[in-house]
Amino acid sequence: MENLISLVNKLQRACTALGDHGEESALPTLWDSLPAIAVVGGQSSGKSSVLESVVGKDFLPRGSGIVTRRPLVLQLHRIDGDREYAEFMHLPRKRFTDFAAVRKEIADETDRETGRSKQISPVPIHLSIYSPYVVNLTLVDLPGLTKVAVEGQPDSIVQDIENMVRSYIEKPNCIILAVSPANQDLATSDAIKISREVDPKGERTFGVLTKIDLMDKGTDAVDILEGRSYRLQQPWVGVVNRSQQDINKNVDMIAARKREREYFSSTPEYKHLASRMGSEYLAKMLSKHLEQVIKSRIPGIQSLITKTIAELETELNRLGKPIANDAGGKLYTIMEICRMFDSIYKEHLDGVRPGGEKVYHVFDNQFPVAIKRLQFDKQLSMENVKKLITEADGYQPHLIAPEQGYRRLIESCIISIRGPAEAAVDAVHGILKDLVRKAINETHELKQFPTLRVEVGNAAFESLDRMRDESKKNTLKLVDMECSYLTVDFFRKLPQDVEKGGNPSHSIFDRYNDSYLRRIGQTVLAYVNMVCSTLRNSIPKSIVYCQVREAKRSLLDHFFTELGAREMKQLSKLLDEDPAVMERRTNLAKRLELYRSAQSEIDAVAWSK
């Protein structure tokens, strides 16, 4: 069972080393879940004397006013042999065998944290005492409750101390050791008052009555010690501390304990209670109770640790890895993040993620609809056909067929396809840019680095702009090629006038009649429709080849080339992570280390059920 107290001691020390003091923060706290005994009392209640009696050593600072200004986590370890020594967690390689030096170090370490301004601090001091004369026990000595601020202290000190004490004892895992002097009215006891507020049923509170030997003659504390004056679920224990005269004379603790035993066994009022009075009994009782509480809490602590480790790992993964310090490491980090972005972008285009299907919608719907909306009928009206054929003939009318007129009519229609072709290029360009924005938002690593996020986005947009310009050139070339060379076989396969019953001997001017012009318009329209059908297939191929394919292949190639020439300072600027995120990651990593250490410690300890 002693292993359990040692386990909690280790976990408390790890908490302090890694910054978990149980205060309210955005980080999960293990400290608050660990069972502990908090010693609470007003100034001059004899709290320090009780602790020294339990330890059997003079080691606490003494003086007027508020002496304890930081929580002192006192861990007692029973060892074999006759050596007695103390160790501070902030001085891990130094052993103190002179307990006067321990007292001085407590005062010095308090001043290091709070200065000499008599302020208080919630950061605990960890003191371990190893001795064959102690029981395994951990106590947290808290600043004494006071009603008035002394000179050099702010007016808020009274409330500050109460808030600190309350922050410890209001936690359900805290066992309260309420120290009250017997020579004062219990109704005015600071310790009882604050304990009652956080533990109204008295389930977690042990009462300690000091200065019993200093009560007025004719009075005794039997009603209190037997639980009649103020009932607690846990027992009351009376102690007799050394007097100030004893302290001044350096009366030995062993002698003081002997005198305490003799007082209770020889005083008629307390003789029947003597077996459960005194500082030795108090220490043994607390040690046994603490073991039982720890044993009952271990399963819950294990569950909390497992759950919190998973939560911490998830958040650390979300925040990303810390930044490397060297140029090579920074460059590698940037390249890896860019590859992650590029991979997500490709997934959008390939259908693994949504968005790529919009490109097909342009080819299957938007582009064909735009071609259908072209008003070829206006361009091929009889009036316009006659006008263009006449102009094309010039001073010498055509002999058999108005070939130049045909070419001009066809060219005027096909040229109008350039508009829908350019619109298709621009539509796909817009979709590709939207997918860049989506991919950036979905690349969690880019959220760490706002500057890199902007630069990657700009580089991707610049690449897409170049691809759009190249695609537009190639797409318009396809349209222009249809204008520059007509498909002769289409016209050779057309039925001739004679075969249709026409009379080639008609006057040339008769050939401009409505029937003739209408047939020319129909022929041109048929040819233009054939070209449209061809371009509906070839233009999407050109766009995919020049834009979609290139976006998948080389979206950030120019950025990578330029990146390799950057200096360390420029690379660092790209990785300008938010300082708050960096601090959060560091704190989470420390907290994760704490919980993993706690998990290992608990797994290594075997206890009897």
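For this chain, numbers begin at 1 and follow the sequence in order. The shown structure was predicted, so the numbers you read here are calculated from the model rather than taken from an experiment.
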Measuring from atom CG of Asp141 to atom CD1 of Ile106, what distance do you get when rounded to the nearest 0.5 angstrom? 8.5 Å
Under a 3.5 Å threshold, yes or no: a donor from one side chain and an acceptor from the other, between Asn163 and Gln159? yes
Quick one: do Glu280 and Arg261 make a salt bridge, cutoff under 4.0 Å? yes
Closest non-hydrogen atom pair, Asp190 against Gly42: OD2-CA, 3.9 Å
Spacing of CG belonging to Asn136 relative to OG belonging to Ser287, to within rounding of 0.5 Å: 6.0 Å
Hey, what's the ring geometry for Phe96 with Phe88, parallel, tilted or perpendicular (30° and 60° as the breaks)? perpendicular
Where the side chain of Thr333 meets the backbone of Gly329, is there a donor-acceptor pair that is under 3.5 Å apart? yes
The test is salt bridge (Lys or Arg N to Asp or Glu O under 4.0 Å); show your working for Arg339 and Glu336 and say whether it passes. CA-CA 5 Å; Arg339 288 192 187 100; Glu336 280 299 297; 2.9 Å; yes
Testing the 3.5 Å rule here: is there a donor-acceptor pair between the side chains of His90 and Glu105? yes
So, the side chain of Asn183 versus the backbone of Lys211: is there a donor-acceptor pair under 3.5 Å, distance only? no
Pairing donors with acceptors under 3.5 angstrom, does anything connect the side chains of Gln75 and Ser128? yes
Hey, could you give me the CE/CG distance between Met89 and Leu127, rounded to the nearest 0.5 Å? 11.5 Å
So, does Glu52 use its side chain to make a donor-acceptor pair with the main chain of Phe59 at under 3.5 Å? yes
Give, for atom CD of Glu170 and atom CG of Asp199, the distance between the pair rounded to the nearest 0.5 Å. 12.0 Å
In Å and rounded to the nearest 0.5 Å, what is the CG to CZ distance from Leu316 to Arg591? 12.0 Å
Which atoms form the tightest heavy-atom contact between Ile120 and Met164, and what is the distance? CD1-CE, 3.7 Å
Return yes if some donor-acceptor pair links the side-chain N/O of Trp236 with the main-chain N/O of Tyr230 below 3.5 Å, else return no. yes
Exam field: side chain Arg242 to backbone Arg257, donor-acceptor pair closer than 3.5 Å: no
When you measure from the side chain of Ser45 to the backbone N and O of Gly41, does any donor-acceptor pair fall under 3.5 Å? no
Distance-only, no hydrogens or angles: does the Lys47 side chain make a donor-acceptor pair with backbone N or O of Leu142 under 3.5 Å? yes
Provide the closest heavy-atom pair for Pro132 versus Asp82 in the form atom of the first, atom of the second, distance. CG-CA, 4.1 Å
Treating Glu260 as the side-chain partner and Ser279 as the backbone partner, does any N or O pair qualify as donor plus acceptor under 3.5 Å? yes
Phe264 vs Tyr270 aromatic rings, parallel, tilted or perpendicular, using cut-offs 30° and 60°? perpendicular
Tell me, with the steps shown, if Val240 and Arg259 meet side chain to side chain contact (heavy atoms under 4.5 Å, CB included). CA-CA 9 Å; Val240 175; Arg259 193 169 66 185; over 6 Å; no
About how many Å separate OH of Tyr595 and CG of Leu588, when rounded to the nearest 0.5 Å? 11.0 Å
Are any of the side-chain nitrogens in Lys57 or Glu84 under 4.0 Å away from the carboxylate oxygens of its partner? yes
Donor-acceptor pair, distance only, cut-off 3.5 Å: does the side chain of Arg78 make one with the backbone of Val134? yes
In terms of side-chain geometry, is the basic nitrogen of Glu109 or Arg112 positioned less than 4.0 Å from the acidic oxygen of its partner? yes
Taking every non-hydrogen atom, the tightest pair across Tyr263 and Asp213: OH-CA, 3.5 Å
Any chance you could lay out the salt bridge (Lys or Arg N to Asp or Glu O under 4.0 Å) test for Arg93 and Glu87, step after step, and finish with the verdict? CA-CA 8 Å; Arg93 288 178 291 277; Glu87 290 180 348; over 6 Å; no
Have Thr146 and Gln43 got a donor and an acceptor in their side chains that come within less than 3.5 Å? yes
Quick check against the 3.5 Å criterion: does Arg166 have a side-chain atom that pairs as donor or acceptor with the backbone of Glu197? no
